[in-house]
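Here is the naming used below: chain letters follow the sequence lines, and residue numbers restart at 1 for every chain.
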Amino acid sequence: MLDIKLLRNDPQLLERALLKSKGKFDKDGFMSLDVKRRELIFKAETMKSDQNAATKLIPQYKKEGKDTSSLMEEMRSLSNEIKELDQQIRQIDEQIAELVLTIPNIPNEAVPLGDSDTDNQEVRKWGTPAKFDFEPKAHWDIGEALDILDFSKAAKVTGARFTFYKNAGARLERALMNFMLDLHTTKHGYVEVFPPFMVHRNSMVGTGQLPKFEEDAFKVANTEYFLIPTAEVPVTNMYREQILDVKELPIYHTAYSACFRAEAGSAGRDTRGLIRQHQFNKVELVKFTTPETSYVELEKLTNDAEEVLQLLGLPYRVVKLCIGDLGFSSALTYDLEVWMPSYNRYVEISSCSNFESFQARRADIKFRRGPNEKTEFVHTLNGSGVALGRTTACILETYQKADGSVEVPEVLRKYMGGLEVIKA
RNA sequence: GGAGAGAUGGUCGAGUUGGUUUAAGGCACCGGUCUUGAAAACCGGCGUAGUCGUGAGGCUACCGUGAGUUCGAAUCUCACUCUCUCCGCCA
């Protein structure tokens with residue numbers, strides 16, 4: 001959510017935000033609603049002021065034995081008028097709120113122009129994609145051959161886009177989770193959180209998944225609960241409607257969670273393997289910072305996620321998303337893309353964003369610099385640190401051998417009871 | 001699932017026969033006096049948001065949420081949410 005006053009005074013900002021939403025927004029209608037609202041408020045408040053004055057006179061008159069019936073009659077009609085005005089104001093407020101909630105965040109000046117991922121800017125590359133002296137297999141074939149992934153059983157039990165991990169596969173996924181959490185908590189200074197995997201609708205609004213993208217989420221029937229699409233939602237909303245002390249900032253949290261996504265609109269894409277699932281595991285990084293430090297913190301957060309890939313020996317690149325590819329709530333996003341041999345290209349494995357005050361304003365997360373200072377909105381950031389399923393896929397493909405076995409990356413061995421090679 | 005209690009400003013807590021309460025008071029916090037410094041004491045300040053105004057400042061709303069009664073609601077009525085206690089069931 002953006003600041004209405006800011007939009008009122010600087011419509012140019014609105015234009016920039018709308019570059020993302022492809023201009024479907026009725027800007028003039030929005031501006032005139034804002035004017036209308038303030039007119040009505042002024043009228044109503046003047047009337048309320050009169051009403052309050054009369055309300056004080058009535059007991060005084062009664063005490064003096066004066067007749068109050070005509071004044072009371074007058075106030076009765078004034079009261080009705082006020083109720084009517086309040087009703088109108090409430091309607092306009094709702095309309096404005098609805099509109100404002102659908103305006104995306106304003107992209108940072110550094111965000112490149114462009115419509116799609118082809119316009120993203122490569123920032124840096126690490127490692128070189130593996131070369132094989134045999135015909136490498138895709139991870140879904142490797143997984144089934146080694147009996148560590150089972151897609152057809154999951155399809156029977158649940159449906160498409162679900163997976164059973166088995167044997168060393170299940171253990172690998174669990175090892176990755178522990179490896180990442182340990183790295184972030186011990187080396188990078190994040191405080192670990194294990195969040196609820198369902199949240200109330202209010203939390204989904206707070207971080208920007210709702211009201212605009214309800215079809216992307218799984219809603220639990222007969223409740224107002226949603227399965228979380230990322231741990232970002234519960235962890236960011238931990239501090240909803242709170243005023244933090246500046247001394248508490250920056251706050252760093254890392255959290256494992258399962259993530260649930262309806263993947264509406266991606267039917268037919270990435271139908272094989274672990275790349276696009278309705279349920280996947282992820283270790284998330286979340287930060288709350290002061291406005292002046294948020295971009296430095298974004299660089300650090302991105303580096304923290306990169307280190308996971310470096311330690312696992314997985315080649316990747318970092319790209320800066322262009323306006324067209326930028327998420328609804330984000331002001332600037334770096335994607336980490338890992339080299340996926342079966343796709344023969346880089347595939348997104350982490351998305352690190354600075355939301356500036358956009359989420360904080362929606363979720364009402366503030367801080368105070370000192371005892372007599374005004375409150376300000378914090379900046380929120382988050383990034384995957386990183387997605388486990390895609391990492392597993394990438395490890396299987398990158399570390400596969402000609403005989404069909406898969407080497408376990410060095411750093412994971414202590415999490416797998418010393419296992420060095422996954423064999424059939 | 002059953003029974004009961006509760007929700008007031010950063011915190012504690014008064015106010016519930018509807019009208020000088022414009023939400024008392026304590027604590028915490030901030031500024032000042034005093035002091036070599038600090039503490040104590042004393043004096044003053046101290047919520048959030050909207051709106052009008054160039055400004056000083058004014059006005060309006062907010063006592064869990066929403067609706068209602070009334071000239072007027074923290075206070076009365078109804079619904080809902082959450083928290084706590086006890087019972088039952090349960091990993």
With rounding to whole Å, what would you report as the distance between [N] and [M] at their [atom1] atoms?
N: B:U51; M: B:G15; atom1: P; answer: 37 Å
N: B:C87; M: B:G26; atom1: C1'; answer: 39 Å
N: B:A24; M: B:G9; atom1: P; answer: 13 Å
N: B:G57; M: B:U21; atom1: C1'; answer: 24 Å
N: B:U16; M: B:U77; atom1: C1'; answer: 14 Å
N: B:C46; M: B:A23; atom1: P; answer: 14 Å
N: B:C27; M: B:A41; atom1: P; answer: 8 Å
N: B:A79; M: B:A3; atom1: P; answer: 14 Å

**Q.** Pairwise distance OG1(A:T185) to CD(A:E192) - rounded to 0.5 angstrom
**A.** 6.0 Å

Q | Non-hydrogen atoms of A:S350 and A:S384 that approach each other most closely | A | OG-O, 2.7 Å

Output the rounded distance in Å from [atom1] ([X]) to [atom2] ([N]).
X: A:E241; N: B:C62; atom1: CD; atom2: C1'; result: 14 Å
X: A:L57; N: B:U20; atom1: CG; atom2: P; result: 13 Å
X: A:R201; N: B:U81; atom1: CZ; atom2: C1'; result: 15 Å
X: A:F377; N: B:U48; atom1: CZ; atom2: P; result: 12 Å

Q) If we only count heavy atoms from C-beta on, is the A:V319 to A:V123 side-chain gap below 4.5 Å? A)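 Side chain of A:V319 against side chain of A:V123, heavy atoms only: no contact under 4.5 Å found.
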
Q: Give a yes or no answer on whether the side chain of A:S266 reaches the backbone of A:E263 with a donor-acceptor pair at less than 3.5 Å.
A: yes

Q) Would A:R362 and A:T207 count as a side-chain hydrogen bond (donor to acceptor under 3.5 Å, both in side chains) if you check the C-alpha gap in whole Å, the side-chain angles of each, and the deciding distance to 0.1 Å? A) CA-CA 7 Å; A:R362 285 173 158 243; A:T207 29; over 6 Å; no

Q: Under the side-chain contact (heavy atoms from CB on, under 4.5 Å) rule, collect the residues that match up with A:P291, sequence neighbours excluded.
A: A:F367, A:R369, A:E376, A:H379

Q.
Please list all pairs meeting ring pair (Phe, Tyr, Trp, His ring centres under 6.0 Å) that have one or both residues in residues 145-168 of chain A, counting only residues at least two apart or in different chains.
A.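 For residues 145-168 of chain A, and leaving out neighbouring residues, the ring pair (Phe, Tyr, Trp, His ring centres under 6.0 Å) pairs sorted by first residue read A:F162-A:H278.
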
Q) Which pairs pass ring pair (Phe, Tyr, Trp, His ring centres under 6.0 Å) with one or both residues in residues 222-254 of chain A, sequence neighbours excluded? A) A:Y190-A:Y252, A:Y239-A:H253, A:Y239-A:F288

Please write out each protein N/O paired with an N/O of nucleotides 57-60 of chain B under 3.5 Å, distance rounded to 0.1 Å.
residue, atom, partner, partner atom, Å
B:C59, O3', A:S49, OG, 3.2
B:U60, OP1, A:N52, ND2, 3.0

Q. Would you call A:D86 and A:K48 a salt bridge, using N to O less than 4.0 angstrom?
A.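 Looking at A:D86 and A:K48, the cut-off is met.
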
Q. Reading nucleotides 68-79 of chain B from the 5' end, what letters show protein touch, with B for base, S for backbone sugar-phosphate only, - for no heavy atom under 4.0 Å?
A. --BBS-------

Q) Hey, mind stepping through A:N281 and A:E173 against side-chain hydrogen bond (donor to acceptor under 3.5 Å, both in side chains) and telling me if it holds? A) CA-CA 8 Å; A:N281 296 307; A:E173 185 90 356; 2.9 Å; yes

Q. Will you find, in the side chains of A:E299 and A:Y334, an N or O donor that is under 3.5 Å from an N or O acceptor?
A.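 Looking only at side-chain atoms, A:Y334 and A:E299 do form a donor-acceptor pair, the distance falling under 3.5 Å.
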
**Q.** Base-paired stems that RNA chain B participates in, counting runs of 3 or more Watson-Crick or G-U pairs under 3.5 Å
**A.** B:1-7 with B:81-87, B:10-12 with B:25-27, B:29-33 with B:41-45, B:47-52 with B:57-62, B:64-68 with B:76-80

